[in-house]
Amino acid sequence: MSMEDLYQEIILDHYRKPKNRAPELADEAVHVHHSNPLCGDEMDLRIRVVDDRLDAVVFDGEGCSISQASASAMTQAAVGRELKDALDLAEDFRRMMHGDDPARPDDLGDGIAFTGVAKFPVRVKCALLGWMALRDAIQTFERGASAHTVTHEE
Amino acid sequence: MSMEDLYQEIILDHYRKPKNRAPELADEAVHVHHSNPLCGDEMDLRIRVVDDRLDAVVFDGEGCSISQASASAMTQAAVGRELKDALDLAEDFRRMMHGDDPARPDDLGDGIAFTGVAKFPVRVKCALLGWMALRDAIQTFERGASAHTVTHEE
Amino acid sequence: MAIDVAAVRRSLPILDRELDGHRLVYLDSAASSLTPEPVLDAMDRYYRWSRSNVNRGVYPLAEEATDLYEGARTVLAGFLDADPTGVVFTKNATEACNLLAYGYVRAHLGPDDVLLSTVMEHHANLVPFTQAAAAVGAEVRHVPITPDGLLDLDAAAELLADGRVTFAAFVHVSNVLGTINDVPRLTRMVRDANDRAVVHVDGAQAAPHLPVSFRDLGIDSYAITGHKMLGPTGIGALVARPELLERMEPFLTGGDMIRDVTLTGATWNDVPHKFEAGTPMIAEAAGLAAAVGLLEGYGMAAVRAHERELTAQLLDALGTVAGVTVHGPKDVDLRGGAVSFALDGIHPHDVGAMLGSRGVCVRVGHHCTKPLMRCLDVAATTRASSYVYNDVDDLEPLVDGLEAAAAFFAR
Amino acid sequence: MAIDVAAVRRSLPILDRELDGHRLVYLDSAASSLTPEPVLDAMDRYYRWSRSNVNRGVYPLAEEATDLYEGARTVLAGFLDADPTGVVFTKNATEACNLLAYGYVRAHLGPDDVLLSTVMEHHANLVPFTQAAAAVGAEVRHVPITPDGLLDLDAAAELLADGRVTFAAFVHVSNVLGTINDVPRLTRMVRDANDRAVVHVDGAQAAPHLPVSFRDLGIDSYAITGHKMLGPTGIGALVARPELLERMEPFLTGGDMIRDVTLTGATWNDVPHKFEAGTPMIAEAAGLAAAVGLLEGYGMAAVRAHERELTAQLLDALGTVAGVTVHGPKDVDLRGGAVSFALDGIHPHDVGAMLGSRGVCVRVGHHCTKPLMRCLDVAATTRASSYVYNDVDDLEPLVDGLEAAAAFFAR
Ligand SMILES: Cc1ncc(COP(=O)(O)O)c(C=O)c1O
Ligand SMILES: Cc1ncc(COP(=O)(O)O)c(C=O)c1O
């Protein structure tokens with residue numbers, strides 16, 4: 001288990017200088033709070049939706065480098081996408097974490113740097129936290145609600 | 001584990017031709033029923049008491065050769081004794097079954113043939129069944145009662 | 001492919017043991033099977049190479065231990081044709097039955113429910129449910145047996161007729177009579193009478209000896225125990241439909257089975273983990289997986305064929321001994337390899353002692369089936385039970401020992 | 001006599017393992033200890049020589065197995081200075097706590113009773129009792145901790161003042177803070193407030209590391225687990241006053257724990273057997289007895305002295321790393337060898353991954369003490385924990401790894 005397999009340089013960059021990290025979002029459509037009690041990870045995710053598109057995605061939270069960096073990379077990959085498309089991308093990332101080859105490597109952007117995490121089962125849930133929050137935020141929006149709290153492990 | 005260690009000739013004699021085996025006893029003072037559900041052994045013991053002495057002791061029951069032979073030998077050793085004395089003898093037998101040297105080898109009569117049973121832990125409770133029934137019968141008499149049922153393993 | 005008994009025996013150093021100058025003849029596999037070396041090696045490998053605790057460790061040993069443990073779940077599920085999510089590891093089959101009795105019967109049934117049991121149950125599959133029924137005020141009904149030791153399905157139909165039976169627990173293969181019950185048929189009867197009924201089967205004596213497909217049995221849960229199927233002591237499992245596990249309340253609580261804990265409350269982990277509190281039987285799971293690997297290697301159809309043949313020979317051999325009465329079915333298609341019998345006028349303890357003195361290991365007693373003993377009107381039986389390491393050579397010492405006992409204890 | 005660490009290490013082949021070119025440095029004994037060869041040998045001997053089931057067998061193998069199993073009970077009782085009649089074998093400490101929660105708390109307490117717990121409990125010693133309290137409508141009170149991680153006994157006195165606490169369950173040695181609680185003192189406080197109170201102590205982290213006299217502690221029951229004390233997985237025990245066991249209701253039911261069974265009811269075997277349903281952990285009991293033999297050979301005073309010394313060195317070493325904050329007492333007389341700490345600004349998962357990549361095995365997470373994590377206001381900690389096979393050479397890789405983590409994850 002070498003550190004380099006897990007912590008690619010891109011991951012460390014996102015960890016050190018997270019993108020779209022913010023505690024608030026003007027005109028937010030949905031705010032979801034996800035937590036993983038086993039790790040103690042906490043994640044607030046906010047989305048703004050314009051014409052069925054993710055106009056803005058910001059996160060805030062606490063957790064290990066993997067969870068924070070993955071959320072940061074996720075926001076970059078997701079913003080500007082149609083909701084359905086973003087859901088599909090989240091599913092692609094989830095499958096990648098379970099060892100499958102991603103179908104949309106280019107669209108995942110920096111998210112692709114997390115491929116190696118699949119080899120570290122205990123860290124998979126960390127990498128997924130932001131993406132699963134995104135999925136939930138979109139589904140919450142589609143249900144017509146504006147906030148949702150989820151406690152989970154995957 | 002040789003058969004001879006366990007099944008001394010005296011034991012087999014009592015097993016084949018039990019002494020004082022009877023389903024009834026005239027003028028009985030006490031009748032106790034003991035059973036060991038783990039082995040399925042059943043024992044009815046009846047005593048007649050005259051002047052604080054065991055005037056007659058008879059048993060009836062079902063069980064393995066050891067339990068039947070031991071009860072038979074017990075009746076011979078017990079009959080005629082003062083109640084207190086018989087209790088003491090039963091205690092001597094019990095201690096012998098737990099590996100101690102008997103204090104009253106002569107008084108135990110054929111009971112002494114059961115010394116070897118102490119080496120077979122699963123059979124100890126069989127050898128004790130009749131003696132423990134005797135002890136209970138005497139104690140039941142001393143309490144002023146005339147019948148008692150006990151379910152036990154030792 | 002037939003079982004290569006000689007090869008199996010080579011993996012069992014215990015069979016080289018002599019007892020008082022007699023060859024060891026082990027005919028007590030229904031109580032506990034012998035454990036071949038590959039099973040011991042699998043446990044050893046864990047202890048000598050990957051020893052650590054499972055779950056959430058971020059170092060390689062802990063990941064290996066977790067893989068071993070979770071891998072065993074998958075292996076067992078594959079062996080029984082079940083969903084790994086439905087496999088809860090327990091310490092033995094008894095705990096598996098209790099898990100269901102507490103997590104389902106006590107939690108969800110009440111005075112309007114009726115439980116169906118049978119008179120041939122092992123205490124492990126009876127007492128937890130009679131206690132649970134008493135606690136919730138439910139009635140328990142018992143399917144009787146026919147004179148040849150089969151479940152009386154006509155009587156069962158009557159017991160089910162009023163549609164009130166919402167829970168049934170019965171044994172797949174009897175540890176005393178050897179009877180192989182028709183699980184799919186009785187299950188259909190139970191469900192036809194009440195389609196909400198939950199059906200639990202005690203597979204402790206079946207999984208080691210027969211091909212078992214949990215899916216094909218059509219039941220809701222199945223209890224097994226490792227030590228009777230070439231595995232180690234200290235591990236068993238409740239194999240269940242995940243939906244049933246979802247409905248069940250937690251039973252043992254503590255670490256690893258929680259999602260979150262506060263000073264006053266808790267939320268629960270996903271199934272099957274919700275039912276596995278505390279440090280699990282890690283080495284034992286590795287050993288059980290290795291045992292399953294051996295059984296799959298032999299092929300369960302071959303295991304069954306071997307035992308069917310040997311049981312036929314055993315029944316024939318017992319027929320040659322004067323005074324022997326066999327309990328249970330005589331038709332080897334209807335029975336497994338556990339054969340209980342009486343030797344006329346001689347208490348099973350005495351029979352067992354004689355056999356033991358000659359190196360022949362059989363079990364005598366009530367075999368944890370007191371109600372069945374009452375039905376058979378005996379206090380105890382002598383039981384010879386075989387497995388993959390037995391062959392026809394083991395029958396002669398048994399027969400000789402029985403004849404010696406008859407002579408020795410003749411009155 | 002000091003512990004001969006080199007000799008202990010020679011009995012642990014796993015320590016020769018390399019992880020990615022790094023020497024294995026095992027500092028996770030609070031999660032599970034390594035298992036020396038004599039323990040494996042004891043289990044092997046059972047499997048290769050005496051393999052059979054316990055209880056009522058009339059052949060030599062079965063008697064040997066029974067002797068091994070019952071002998072282990074006596075050995076464990078001797079080690080803990082307790083009555084063998086009060087030793088119930090369970091699969092782990094968690095089951096031991098559940099046994100008490102079901103057999104005593106749920107069976108005998110009610111809405112008028114108050115349970116005393118603490119904020120530093122492992123989930124194993126908390127959740128079974130909070131669930132039981134909720135089931136019977138009893139209140140639970142929690143002793144808080146002082147800033148240095150000791151139980152706040154003044155606060156405890158207030159919680160006890162109204163005399164309503166009839167059951168207390170607390171930990172002997174904290175698996176996170178390392179705190180050694182003053183069990184006799186808190187027990188006296190509980191009993192002075194209410195002399196009918198039952199006092200249970202979780203000794204999972206104490207029995208492996210300190211001399212323990214159950215009698216001298218003055219308590220009613222004590223939970224231990226084999227895999228943390230050089231023993232195998234799959235075995236633990238509830239050690240109790242036999243009188244308490246007598247008062248408890250049966251918990252797991254089934255074979256071997258009964259006296260008699262009918263179709264609808266049952267009567268129970270004598271304690272401790274009344275609480276041991278089904279085939280027990282026979283090999284594991286033999287292994288645990290061997291582990292106890294090793295610990296007695298070292299001498300528990302020597303084990304404690306060794307760990308006290310090593311813990312002092314560990315605390316010193318951690319003091320040299322910038323950004324490290326140790327949780328729990330700094331006075332090594334008040335603490336055991338489990339040391340939790342934070343590395344400023346770096347999540348324990350990342351710390352653990354860095355250490356793991358260098359062969360250093362530590363545990364990161366909430367250590368099954370979520371309420372304590374909330375008290376400490378952290379999500380998780382990194383925990384290094386030592387045992388008889390560790391020495392000062394294991395500290396340098398730890399310190400180096402922490403410094404590497406600090407450099408790697410610096411923002
Ligand atoms: C203090 C304490 N209590 C109880 C337990 C539970 O032990 P087990 O997982 O063996 O049941 C542990 C081990 O994690 C512990 O550290
Ligand atoms: C039919 C049956 N069910 C259940 C059990 C209980 O298995 P265990 O003792 O491993 O819990 C046994 C074993 O004795 C059995 O034969």
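To find a chain, count down the sequence lines: A is the first, B the second, and so on, and within it residues start at 1.
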Query raised in the report: Got a donor-acceptor contact below 3.5 angstrom from the D:D44 side chain to the C:L40 backbone?
Result: no
Query - Interface moiety of D:E121 toward chain C, non-hydrogen atoms closer than 4.5 Å - result: neither
**Report entry** Pairs of heavy atoms under 4.5 Å with chain D: top-ranked of C:V140, C:T264, C:L355
**Finding:** C:T264
Query - chain C contact via D:I282 - side chain, backbone, both or neither, heavy atoms under 4.5 Å - result: both
Query raised in the report: For D:H142, is it the side chain, the backbone, both or neither that has a heavy atom under 4.5 Å from a heavy atom of chain C?
Result: side chain
Query raised in the report: chain C heavy atoms under 4.5 Å from D:L15: which part of the residue, side chain, backbone, both or neither?
Result: neither
Report task. Could you have a look at C:L252, C:V39, C:T90, C:V261 and say which one has the most heavy-atom pairs with chain D under 4.5 angstrom? Result -> C:V261
Requested in this report: Give the member of C:L126, C:T369, C:T253, C:V360 that has the highest number of heavy-atom pairs under 4.5 Å with chain D.
Outcome: C:T253
Query - Part of D:M373 lying under 4.5 Å from any heavy atom of chain C - result: neither
Report task. Drop me the distance from D:D16's CG to C:R48's CZ, to the nearest 0.5 angstrom. Result -> 11.5 Å
Requested in this report: Run the salt-bridge test on C:E64 and D:R17 with the 4.0 Å N-O cut-off and return the result as yes or no.
Outcome: yes
Requested in this report: Report yes if some heavy atom in the side chain of C:Y59 is under 4.5 Å from a heavy atom in the side chain of D:R363; otherwise report no.
Outcome: yes
Requested in this report: Keeping the roles fixed (side chain from C:Y47, backbone from D:L34), state whether a donor-acceptor pair exists under 3.5 Å.
Outcome: no
Requested in this report: Compare all side-chain heavy atoms of C:M281 with those of D:I235 and state whether any distance is below 4.5 angstrom.
Outcome: no
Query raised in the report: CG/C:N53 to OG/D:S33 distance, rounded to the nearest 0.5 angstrom?
Result: 10.0 Å
**Report entry** Lys/Arg-Asp/Glu bridge criterion (N-O < 4.0 Å) met for D:D260, C:R374
**Finding:** yes
